Amino acid sequence: MSTETKSEYASHKPLTIPDVAARKGKTPLVCLTAYSTPQAELADRHCDIVLVGDSVAMVVHGLSSTIGATLDMMIMHGAAVRRGLKKALMVVDMPFGSYEESPGQAFRNAARVMMETGCNAVKLEGGLRMAETIAFLAERGIPVMGHVGLTPQSLHVFGGFKLQGRASDAARIEDEAEAVAYAGAFSVVLEKIPEALAHKITTSVSIPTIGIGASAACDGQILVIDDILGVYAGFRPKFVKRYAEIGVAMTDAIAAYADEVRCRTFPGPEHVFHDMPNSK
Ligand code: KIV
């Protein structure tokens, strides 16, 4: 647990892209998603990178996959997260359909995301097929975080949220990660791949690897905030660790409120106004 005081926290300089690159092979990068200002404020104290993930479509908007996330959705949540961050590096996911067509399409939409949210970088899914686009963005001032292995926007191609990079498929994922690094991404997310493969990629690529279901061999870790807090009631992958059961606390609080309203014990005398001279 962090023992940092309020003033130590306030004295931190915001993390930059070169700072992240310099963490390769050093203290693991702590990354977490956030979708709102209050979540960002909480994450900022303890995390190096805050990602406005397209997982927002599932955990906030109730969709069954990330495919339904839109550019407007990402920008609205991104702007909210920006208002809650002081020191963490902020990355916003490019949603499905906003970048795959051409480097030009990706640049236009990524520039809009950066201008309208104030984020430091964007993340996009795909290896070899996205290398040209990653280079195009990076050369034009848009830092890119790559994402290979299980790329949830390709859910239907994979036939589900399946482990990637098994046996003979390992070389393909390795090539994808190499291509992302070579194209100029500043870091790469490795999702749901075997530990040995994550280790191999982490030792071979020059940029930090951020694992999600990819073992502690990576240069950092990322999880979805609603998953670690026990708020998201949808499916729970093996790689998720719940650090709290806030969903249970929320249900109990709502049930207690409902009971008290029904039996008229809420509002109590302390919540009631009276038309008297000194009443606040
Ligand atoms: O959308 C998301 O939350 C992600 C993960 C890597 C956490 O892409």
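Keep in mind that what you see is a predicted model, and the values were worked out from it rather than measured. Ligands are counted one by one from 1 in listed order, and the atoms in each one are counted from 1 as well.
Formation of a donor-acceptor pair under 3.5 Å by the Lys192 side chain with backbone atoms of Phe161 is found in this model. Not a single donor-acceptor pair under 3.5 Å links the side chain of Ser154 to the backbone N or O of Val157. With hydrogens and angles disregarded, a donor-acceptor distance shorter than 3.5 Å links the side chain of Arg140 to the backbone of Phe136. When atom types are taken as modelled, the side chain of Gln153 and the backbone of Ser65 share no donor-acceptor pair closer than 3.5 angstrom.
Residue Gly53 has at least one heavy-atom neighbour below 4.0 Å for each of these atoms of ligand 1: 1 (O), 2 (C), 3 (O). Near Thr33, meaning under 4.0 Å from one of its heavy atoms, ligand 1 places the atoms 3 (O), 7 (C).
Distances from atom 6 (C) of ligand 1 to the heavy atoms of His147, Lys192, Gln153, Gln221 put His147 nearest.
Side-chain contact of Ser55 with Tyr35: a donor-acceptor pair under 3.5 Å is present, judged by distance alone.
With a 4.0 Å heavy-atom cut-off, ligand 1 is reached by the side chain of Val224 but not by its N, CA, C or O. With a 4.0 Å heavy-atom cut-off, ligand 1 is reached by the side chain of Asp93 but not by its N, CA, C or O.
Salt-bridge formation is detected for the pair Arg112/Asp72: a Lys NZ or Arg NE/NH1/NH2 atom is positioned less than 4.0 Å from an Asp or Glu carboxylate oxygen.
Using a 4.0 Å heavy-atom cutoff, Lys123 is listed among the residues neighbouring ligand 1.
There is a path of hydrophobic side-chain contacts, each under 4.5 Å, that joins Leu229 to Met250.
Ranking protein heavy atoms by distance to atom 4 (C) of ligand 1, first place goes to Leu51 CD2, 3.7 Å. Closest to atom 3 (O) of ligand 1 among all protein heavy atoms lies Ser55 OG, 2.5 Å. Protein heavy atom closest to atom 1 (O) of ligand 1, with residue, atom name and distance, is Asp54 OD1, 2.9 Å.
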